[in-house]
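Following: one structure in structure tokens, then a few remarks.
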Amino acid sequence: MYLALLVFFLQCSELYTQERVFTFNTVEIKVQPSVKVKNGAPMSIVCRADISKSTDFQLKHNFTIFKDGKLVFMTVSNKGDAQYEIPMARSSDTGEYECTVEAGGKTKSSNSLHVWVTGMTKPILTAEKKEVLEGEVVKLRCELPEEVPPLHFLFRKIKMNSTPKEKLVFEPYRNFSVVEFSVEEGDNILQFDCFGRRNVKLEFESSEYSNKTLVTVREPFIKPTLNAKPSSNITEGDRIQFECSTVVARMHDIEIILQKNRTILNSIVYKYVHEYSVQDEKLLKYSAVATLEDSGEYLCKVEQGRASKTTKLNVVVSELFPKPILAASMSKLDENKELTLSCSISGFRKANFSILRKNPNGDIWLKNSRNLTMRVNVNDTGSYICKAEVKGIVKQSRPVRINVYAPVSKPTLSVVSGLPEVVLGKPLRLICRSVMGTPPITFTFYKGNNEVKKVVINDTYATFLDENIRPNDKRGYKCDARNNHSSGMKTSNILNITVIVPIRNASLGSIPYGEVEDGSETAFLCSVKEGSWPIHFRIFRKTDRDVLLFEKSENADRVVWRKEAMNRQDTGTYYCMASNRANVDVKSHPITISVILAAWQKGIIAAFVLIPIAGAATLTLWWFLCKKKKAKGPSMEMSGSALATNLTSEKLTRQHNDGDYYTGSSYIEDSENHMKSTDESNAPEQKGTETVYSEIRKS
């Protein structure tokens, strides 16, 4: 029974669960009346959930609305939608909106929707002071109370009949900004305003202009006056006095300055304070004896803090007398000549004259006179001036340059490197020097009779580089020197240059060549194909460290070295090196010399080897014949006699037929000759030393 009831309840529960099934189709967000709303107008954010249900049952919905990721509205409703009301939309309500719906443990969010509240609130502008002095600053504050940063603020300073001055300020973290405007000379009644600007979706939106704020400007002092006494048109030599004055309403660190161009002539500072109601005049004076240089524009300037006012005055100073003129009898002259300097003023004779010589450490006075005559030397070279004084006005002439010349001495020509020689293919640098003589000096170089270089130089020497050296060149060089002295040109002695031809193609030979008998003489010949004499020859034998055998300098292209007695230790490789003053060592190809045994040495070796062999052979033959003789006995003697008889008769017959007569001893001589020839034919042939030794070892 209980089991039946349990099954029944489970089936009922399953049926109940199947009846309460639902799913989210969509969640949408909308703005009424539109996504663009005017500032101050009402606005509604509507969130709607579209849900499908298995049956009609109640479902609670949790609605949440976010702006730019921040929660702004939340409600619970049995309905499928919810509404977020904004009675007056502000620009701060601009942003990205999104809603989320949660029901029955399920959650779904809408897409984001951008809402733009167009238009910005009117900014509020306030000024710290309503009345300021010239040179002070006006501090302004512009605020957008209902706007959210970041914001841009634009301030304007408006003055009558001029273009407004603007200042732009970016405020990333606050909805207000503060700036300062300086009050300048000429500012009297100023107006200020501002407006705000923000960036929405890469577009700028601006507010309307704020209220205009009025600021009154007062002068701390009036514009100064500048006068010249007795007049602004004056003659040089007269005294002129400048007066610069102003009236001060409020005096505190007031400074009066008089200047010409950028040069301050005089100034004064007043540091005590008066009230606004007190009017006080202040004066700055400056006087001087007028000169032509005093003509020009003068400036009187009054300053207090940032405030500054100026007045200009143009002064013309007329010339009392023109500048003097200094004349010289000659501007270029030889030493010990007479020079006359004369100073004069055109159309004016009554003046105090003096003649001076210019010097970096101060002009050197020479004479208080209109004229000066003197005998000059080289040290008198320089610039001269004259001065004229009338009524305390001193004027100076233009400088006159005087050059005094000493004659050049006879120049010397030499090679910079020292010796009068040059290696073929290398450049030749010559120096021409004149010990005496006043620069500038003109140096001229000649190669043979041809001019190759001319140079004017402020020194006592000049150089010439000849890069075209040939073996057959004219090797005589000379130079001459001259300056502005009347003595004229001086010429050096002729310098003859030796052209050194470098060594080319060294070779080494020997007689005999290749193989040399021990104890014999060998001649070595080292020669070059080309090269200037003397030539230094060296002959080496190669070892671990090359050994110098011979060296000699010759005024020839070859050298012979005779080595009288060669020995076995002289076997090896030889080469020679040749050099001259070109300082280039040229090496020959190596040759190889082998020292072999002499003929008499070979004979001695053969004698010592063959004599013992011949003696041993003789003893062996003697022993064999004795043994054979004992074995045969008388039969051998008989046959020997018969053989001797036959041989004797045969020989006598042959000799008779030949027509010659020989004694019995001829047979012995023939036998000895035959053995000698045989022995000689068996002797080894005369070969090189190593061959001889090897054949001896084989025997």
Could you tell me which non-hydrogen atom of [X] sits nearest to which non-hydrogen atom of [Y], and how far apart they are?
| X | Y | result |
| --- | --- | --- |
| R470 | V499 | O-CG2, 4.3 Å |
| V595 | D518 | CG1-CA, 3.7 Å |
| L339 | M330 | CD1-O, 3.4 Å |
| I539 | C576 | CG1-CB, 4.0 Å |
| P440 | V456 | CB-CG1, 3.9 Å |

Is it true that atom [atom1] of [X] has more than 12 heavy atoms of other residues, nucleotides or ligands lying nearer than 6.0 Å?
| X | atom1 | answer |
| --- | --- | --- |
| M436 | CE | no |
| I457 | CD1 | yes |
| K323 | NZ | no |
| Y173 | OH | no |

For [X] and [Y], does a side-chain donor sit closer than 3.5 Å to a side-chain acceptor?
| X | Y | value |
| --- | --- | --- |
| N352 | K387 | no |
| N483 | Y405 | no |
| S527 | D557 | no |
| H536 | S579 | no |
| S434 | S409 | yes |
| S507 | S588 | no |
| T340 | T373 | yes |
| N403 | R401 | yes |

Salt-bridged, [X] to [Y], with N to O below 4.0 Å?
| X | Y | value |
| --- | --- | --- |
| R581 | E421 | yes |
| K447 | D466 | yes |
| R562 | E564 | no |
| D585 | R538 | yes |

State whether Y446 and K478 meet the cation-pi test: NZ (Lys) or CZ (Arg) under 6.0 Å from the six-membered ring centroid, and within 45° of the perpendicular axis.
yes
Cationic tip of K587 above Y575 ring, under 6.0 Å, 45° of axis:
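Pair K587/Y575 counts as cation-pi.
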Any donor-acceptor pair under 3.5 Å linking the side chain of [X] with the backbone of [Y]?
| X | Y | answer |
| --- | --- | --- |
| T444 | K454 | no |
| R357 | I364 | no |
| D334 | S486 | yes |
| K358 | V400 | no |
| Q259 | N261 | yes |
| D68 | E96 | yes |
| S594 | E515 | no |
| N567 | D570 | yes |
| S532 | V501 | yes |
| N359 | N361 | yes |

[X] [atom1] to [Y] [atom2] distance, which is reported to the nearest 0.5 Å:
| X | Y | atom1 | atom2 | answer |
| --- | --- | --- | --- | --- |
| C386 | L341 | SG | CG | 9.0 Å |
| S417 | K426 | OG | NZ | 12.5 Å |
| N505 | E530 | CG | CD | 8.5 Å |
| R558 | K529 | CZ | NZ | 13.0 Å |
| I593 | Y513 | CD1 | OH | 7.0 Å |

Kindly state each residue pair satisfying disulfide bond (SG atoms under 2.5 Å apart) with at least one member in residues 399-458, sequence neighbours excluded.
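Sorted pair list: C432-C479.
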Relative to the ring of W561, is the ring of F550 parallel (under 30°), tilted (30 to 60°) or perpendicular (over 60°)?
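Taking W561 first and then F550, their aromatic rings lie parallel (interplane angle under 30°).
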Any side-chain heavy atom of E554 within less than 4.5 Å of one from P534?
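E554 does not reach P534 side chain to side chain.
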Please walk me through it: do I500 and L424 pass side-chain contact (heavy atoms from CB on, under 4.5 Å)?
CA-CA 6 Å; I500 300 172; L424 183 65; over 6 Å; no
Show the numbers, then the answer: is there a side-chain contact (heavy atoms from CB on, under 4.5 Å) between L508 and L525?
CA-CA 6 Å; L508 178 64; L525 173 65; 5.9 Å; no
